[in-house]
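Report on the following structure.
Predicted, not measured: the structure shown is a model, and the values here were computed from it.
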Amino acid sequence: MTELASETATKCVSDQELAKKTESDFAQSLEKGRILTEPLGYIESCFTEKNGTPRQPAICSLSRACLKIQKSVFNNPEHLIGLEQFSHVWLLFVFHKNGHLSSKAKVKPPRLNGAKTGVFSTRSPHRPNAIGLTLAKLENVEGGTLYMSGIDMIDGTPVLDIKPYIADYDCPSTRDTCCVQCNRNKHTAEVINENMKQSNWESKMCTTKASQHCSRNTEREAALEAECICRGENLLTDCQSNEEWVFQRETAFRVNKCTSVTEDINRQSSVDQNTSLASEDLQFPQSSNGFTDDFTEDTRTKEEEMKKLTAVTSSVPVEDECTCTDEIVKDSFSQNKVAHWIHESPVTALTVRFTPHADLDLGHFQGKDGKDAGKATFKFLHSPEEAKHAIMSILSADPRSVYRRKQCEDQLYYFTLDCAHITCWFGEDFAEVLRIKPLIRAQNDSMQ
């Protein structure tokens with residue numbers, strides 16, 4: 001028993017030392033940028049092959065996919081809490097169908113139609129590190145599964161990470177230079193507004209103190225009330241009314257001077273104008289102990305502070321929406337630039353047409369909720385009409401490689417979309433869909 005305990009203790013010490021060494025090695029590798037990755041999950045996409053898969057997510061908004069988080073990697077569902085609050089997500093993935101790990105300094109992106117440019121000025125999958133980045137629309141989150149659209153990844157793509165898309169951070173051309181100053185101004189106005197609220201609170205406290213002495217001035221107060229009634233303003237009915245009257249006096253001043261400063265001041269602008277005028281004309285009753293003189297002086301000081309605040313905030317925009325001018329927005333856009341061949345590509349958009357046979361073939365498909373046993377059922381697409389629009393989006397962008405475009409222009413082109421196998425060919429400025437068959441049937445036909 002003693003020997004067994006000794007062996008167990010020795011093994012525990014050895015395991016701890018190994019764990020420390022492994023952790024130390026990992027930390028060193030991390031500092032050098034050498035890490036071992038484990039996919040979060042694998043994409044289930046409507047594209048099963050590279051042929052026909054869009055090169056960019058914006059090409060086909062109807063393409064759909066789902067991502068199931070592997071429980072062996074992340075078994076805590078809280079990893080996805082809050083993600084449903086975002087409309088789009090960034091997906092970091094691996095180009096697992098490259099076929100090789102080598103890369104060249106220059107590549108031929110399809111939009112350049114054969115011309116070369118540096119690999120880092122393109123989104124070519126053939127890179128020193130075969131890592132891709134795409135933006136997808138997040139349709140829904142159910143448990144550990146993400147449902148997305150606008151996908152440009154093929155089925156089985158390993159996903160390394162998920163990040164929310166935040167336009168304020170990720171889209172510099174929309175709210176960068178123009179709205180930074182707006183946000184600062186808004187923050188400044190909020191701070192000033194808090195100061196004004198504090199000033200209002202102090203004024204109310206002074207008013208409360210004044211009301212405690214109003215019982216000593218009942219005769220003058222009664223005369224003052226009678227004067228108010230003659231004006232049609234029944235302001236002072238008791239000590240509490242006296243407090244409200246003083247508060248209305250300061251409110252009237254703020255409304256007249258600061259109506260465009262903050263929302264709080266705007267809400268107080270609903271005070272009746274007649275009441276405001278009467279308050280301006282009234283004089284606060286004088287107290288025998290001199291307290292009212294001190295209070296009047298304090299109120300005058302508050303009013304001077306309000307004037308200063310008004311002067312500070314008169315040029316500060318505090319609206320919820322951006323107040324930037326068109327010139328500032330245009331200047332922000334002008335700071336974003338891309339290579340000329342992105343917008344002036346030698347490869348133009350193609351016209352897409354369907355043969356009568358192709359249109360007839362689409363009638364043999366049904367959406368994913370269809371109940372007809374005699375029709376092929378889409379897994380991702382909602383209807384044959386949606387499938388047709390998706391096919392048009394894919395072909396109009398000419399999904400062929402440069403080699404196929406120049407060396408195989410007379411050959412048929414095949415690709416898959418969901419459970420459909422599409423056969424088409426390309427002319428000089430068009431693409432024509434010849435047949436659309438269910439994927440399983442098309443595979444059986446090719447084997448015979």
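More than 12 heavy-atom neighbours from other residues, nucleotides or ligands sit within 6.0 angstrom of CD1 on Ile342.
Considering all non-hydrogen atoms of both residues, Thr145 and Cys66 come closest at CG2-CB, 4.2 Å. In terms of heavy-atom proximity, Lys406 sits nearest to Gly114 at NZ-CA, 4.2 Å. Nearest approach of Gly156 to Tyr42, heavy atoms of both residues: O-CD2, 3.5 Å. The minimum heavy-atom distance between Phe95 and Pro125, with the atom names listed, is CD2-CB, 3.4 Å. Of all heavy-atom pairs between Trp90 and Pro164, the closest is CD1-O, 3.8 Å. The shortest non-hydrogen separation linking Val94 to Thr157 is O-CG2, 3.6 Å.
One finds no salt bridge joining Asp361 and Lys437 here, because no Lys/Arg side-chain nitrogen approaches an Asp/Glu carboxylate oxygen to under 4.0 Å. A salt bridge is defined here as a Lys NZ or Arg NE, NH1 or NH2 lying under 4.0 Å from an Asp or Glu carboxylate O, and Asp359 with Lys388 meets this definition. A salt bridge does not link Lys68 with Glu142: none of the charged nitrogens is closer than 4.0 Å to a carboxylate oxygen.
Checking side-chain atoms of Glu385 against main-chain N and O of Ser383 turns up no donor-acceptor pair under 3.5 Å. The backbone N or O of His382 lies less than 3.5 Å from a partner atom in the side chain of Glu386, making a donor-acceptor pair. Not one N or O on the side chain of Thr48 forms a donor-acceptor pair closer than 3.5 Å with the backbone of Asp155. Judged purely by atom type and a 3.5 angstrom limit, His343 has no side-chain atom pairing as donor or acceptor with the backbone of His340. Side chain of Ser63 to main chain of Ile151: a donor-acceptor pair is present (N/O by atom type, distance under 3.5 Å, no hydrogens or angles). At least one donor-acceptor pair closer than 3.5 Å links the side chain of Gln70 to the backbone N or O of Pro39. A donor-acceptor pair is defined here as one N or O able to donate and one able to accept, closer than 3.5 Å; such a pair exists between the side chain of Ser345 and the backbone of Arg111. Within the 3.5 Å criterion, the main-chain N or O of Asp418 finds no donor-acceptor partner in the side chain of Lys379. Thr355 places a side-chain N or O within donor-acceptor distance of the main-chain N or O of Val433, the cut-off being under 3.5 Å. Judged purely by atom type and a 3.5 angstrom limit, Asn129 has no side-chain atom pairing as donor or acceptor with the backbone of Ile131.
By the 4.5 Å heavy-atom criterion applied to side chains, Met153 and Phe93 are counted as neighbours.
Residue Leu381 holds its CG atom at 11.5 Å from NE2 of His389, rounded to the nearest 0.5 Å.
With Phe426 as the aromatic partner, Arg400 meets the cation-pi criteria of under 6.0 angstrom to the ring centre and within 45 degrees of the ring axis. Cation-pi geometry between Arg353 and Phe430 is satisfied (NZ or CZ under 6.0 Å from the ring centre, within 45° of the ring normal).
Paired with Leu92 under the rule side chain to side chain contact (heavy atoms under 4.5 Å, CB included), one option of Leu133, Ile162, Leu40 passes, and it is Leu133. Of the candidates Lys137, Glu139, Arg64, Ser149 forms a side-chain hydrogen bond (donor to acceptor under 3.5 Å, both in side chains) with just one, namely Glu139.
Side-chain contact of Arg123 with Gln56: a donor-acceptor pair under 3.5 Å is present, judged by distance alone.
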Legend entry - Audit row: Asp398, Arg405, salt bridge (Lys or Arg N to Asp or Glu O under 4.0 Å) steps and yes/no: CA-CA 9 Å; Asp398 196 346; Arg405 197 178 293 155; 3.3 Å; yes
Inset, instruction - Let me see the working for Phe86 and Tyr165 under ring pair (Phe, Tyr, Trp, His ring centres under 6.0 Å), right down to the final yes or no. - result: CA-CA 7 Å; Phe86 297 89; Tyr165 170 81; 9.4 Å; no
